[in-house]
Number of protein chains: 2
Amino acid sequence: MTQTPGKFVSSYLLYLLAASSEAASHQFHIRVRELGLRVPEWRVLACLYDQDGLMITQLARYSLMEQSRMTRIVDQMEKRGLVVRKSDEGDGRRVRVHLTDAGQKLSSDVVEEAMEHERTLLSALNQADADRIKPSLERLLASLNSWNSTRE
Amino acid sequence: MTQTPGKFVSSYLLYLLAASSEAASHQFHIRVRELGLRVPEWRVLACLYDQDGLMITQLARYSLMEQSRMTRIVDQMEKRGLVVRKSDEGDGRRVRVHLTDAGQKLSSDVVEEAMEHERTLLSALNQADADRIKPSLERLLASLNSWNSTRE
DNA sequence: TCATATTATATGAAATTTCATATTTTTACA
DNA sequence: TGTAAAAATATGAAATTTCATATAATATGA
C-alpha cells in the first residue's frame with residue numbers, strides 16, 4: 001500500500017484526504033468488484049437504498065460524478081436489470097431511477113457488507129479517534145460545502 | 001455543491017471521506033486546470049517537488065493511481081518539457097523522473113498556491129477542528145495503511 | 001400567450017483509463 | 001554459472017470518461 005511520500009505531500013491536507021479515502025475504500029472496493037459491481041454502480045445502489053426514485057442529476061451529485069457519466073451508468077444498470085427509469089409525472093424532463101427487485105436485494109446485501117466493513121475499520125482505531133472521526137468529517141464536509149457554495 | 005444524501009450514505013465513513021476529499025479539492029483543482037495542468041500531472045509535480053528522481057512506480061503509488069496510467073502521464077509531461085526520464089545507473093529497470101527547469105518553476109509555483117489554498121480552507125474551520133484535522137487524518141491514514149497491508 | 005431562459009437528460013467524438021500481458025533487467029539459488 | 005522468479009516499465013485493445021452540445025420539457029415575464 002501507499003508509503004508516505006515526501007514532506008510537502010505527506011502532510012498536505014488534500015493528500016491526506018484523498019489518500020485516506022483511497023486507503024479506507026481499497027479493500028471494500030475489491031469486494032464490490034467481486035460482487036460484479038463497479039464502484040459507481042455500488043454508489044448508485046447505496047443512494048437508492050436510502051431513497052428510491054432519485055433523479056439522474058441527484059445520483060450524479062451524491063455519487064460525486066458528472067451527469068453524463070451517470071446517464072451511462074444508469075444505462076448499464078438498467079440493461080442489467082438492477083434499476084428502471086420512470087419519467088416523472090409532473091415534470092417530463094426528470095427521470096426517476098428505481099430499484100428493481102433484484103436491485104433492491106443486491107442493494108441491501110451490499111449495504112450490509114458496507115456497514116460491517118465500516119465497523120471493522122473503526123475498530124482498528126483507538127477509541128477516541130473512532131468516536132470522533134465521523135462527526136469531525138461531517139463538520140469538515142459541511143464547512144467545505146458552504147465555503148464552496150460561496151464561490152460558484 | 002453536494003447536498004446531503006440519505007441516511008445511510010450521509011453518515012457512511014467511506015462517503016464522508018470521498019465527499020470531503022472531493023469538496024476540499026474542488027476549487028483548487030479548477031485552479032490547477034486553469035494553470036494548464038490536469039490533476040494527475042499536478043500530483044506528479046508535487047511528488048517531485050518533495051523528491052526529484054522518483055521512479056514511475058513510486059509516483060504512481062504516491063499519486064494514488066495505476067502504474068500504466070502513470071507511464072502515460074509521464075509520457076505527456078515529458079513531451080511538454082516538464083520532466084525528463086533518466087534510467088537508473090545500477091538498476092536498468094528503473095526509470096527516474098526528474099523535473100526540468102520549467103517543471104521545477106511550475107512545481108514550486110503550484111505548491112505555493114496549494115499551501116495558500118490549504119491555509120484558506122483551514123481558516124474556515126473552528127480553531128479546534130483546524131488544529132486537529134491533519135494529525136487526526138495522519139493517524140487514520142497510518143492505521144488504514146497498516147490494516148490494508150495485513151491483507152494483501 | 002409567445003419568446004426566451006432554464007433545467008434535466010442524452011449523445012457523438014475525442015481523450016483517457018483499465019486490463020492483460022510483453023519486454024527488459026535483476027535477483028535468488030540449485 | 002544457468003535458470004527460474006521477481007521487479008520495473010511499456011503497450012495494444014477494449015472500455016470508460018470527458019467535453020461540448022443536442023434535445024426536450026418547463027418556467028419566466030413582457
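Keep in mind that what you see is a predicted model, and the values were worked out from it rather than measured. Every heavy atom of this structure was used, including side-chain atoms; hydrogens, water molecules and symmetry mates were not.
For the side chain to side chain donor-acceptor pair (under 3.5 Å) test, residues two or more places apart in sequence or in another chain that qualify with A:His98 are A:Asp52. Under the salt bridge (Lys or Arg N to Asp or Glu O under 4.0 Å) criterion, A:Lys86 pairs with no residue, sequence neighbours left out. By the side chain to side chain donor-acceptor pair (under 3.5 Å) test, B:Asn126 pairs with B:Asp129, sequence neighbours left out. Checked against side chain to side chain contact (heavy atoms under 4.5 Å, CB included), B:Glu89 has no partners two or more places apart in sequence or in another chain. A:Glu118 is linked by a side chain to side chain donor-acceptor pair (under 3.5 Å) to A:Lys134, counting only residues two or more places apart in sequence or in another chain. By the salt bridge (Lys or Arg N to Asp or Glu O under 4.0 Å) test, B:Arg38 is found to be paired with B:Glu41, residues two or more places apart in sequence or in another chain being considered. By the side chain to side chain donor-acceptor pair (under 3.5 Å) test, A:Glu116 is found to be paired with A:Arg119, residues two or more places apart in sequence or in another chain being considered.
Of all heavy-atom pairs between B:Cys47 and B:Ser63, the closest is SG-OG, 3.9 Å. Residues B:Arg69 and B:Pro40 come closest through the heavy atom pair NH2-CG, 3.7 Å. Between A:Gly81 and A:Ala102, the closest heavy-atom pair is O-CB, 4.0 Å.
Between A:Glu89 atom CD and D:dA25 atom P the separation is 15 Å, expressed in whole Å.
Among residue pairs with one or both ends in residues 34-61 of chain A, those qualifying as ring-ring contact (aromatic ring centres under 6.0 Å, His included) are A:Phe28-A:Trp42; sequence neighbours excluded.
In this structure, A:Gly92 and A:Glu66 both approach DNA chain D, and ranking their closest nucleotides by distance from the 5' end singles out A:Glu66. Of the two residues contacting DNA chain D, namely A:Ser68 and A:Asp88, the nearest-nucleotide position lying further toward the 5' end is that of A:Ser68.
Linking Ile, Leu, Val, Met, Phe, Trp and Tyr whenever their side-chain heavy atoms come within less than 4.5 Å leaves B:Val84 and B:Met55 in two separate clusters.
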Atom pairs under 3.5 Å, N or O on each side, protein against nucleotides 1-7 of chain D: can you list them with distances?
residue, atom, partner, partner atom, Å
D:dA7, O4', B:Arg93, NH1, 3.2

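A heavy atom lying under 4.0 Å from DNA chain D marks the following residues of residues 70-87 of chain A, by number: A:Arg72, A:Gln76.
Note on A:Met55: only backbone sugar-phosphate atoms sit closer than 4.0 angstrom, heavy atoms only; bases stay farther off.
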Dot-bracket line, read 5' to 3' along DNA chain C, where crossing pairs take [ ] and | marks a partner on another strand, Watson-Crick or G-U under 3.5 Å
||||||||||||||||||||||||||||||
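A nucleotide of DNA chain C counts as in contact with chain A when one of its atoms lies under 4.0 Å from a heavy atom; the first and last such, 5' to 3', are C:dT6 to C:dA13.
Using a 4.5 Å cut-off on side-chain heavy atoms (C-beta onward), A:Val44 and A:Leu54 make no contact.
Applying the 3.5 Å distance criterion, the base of D:dA8 shares no donor-acceptor pair with the side chain of B:Gln67.
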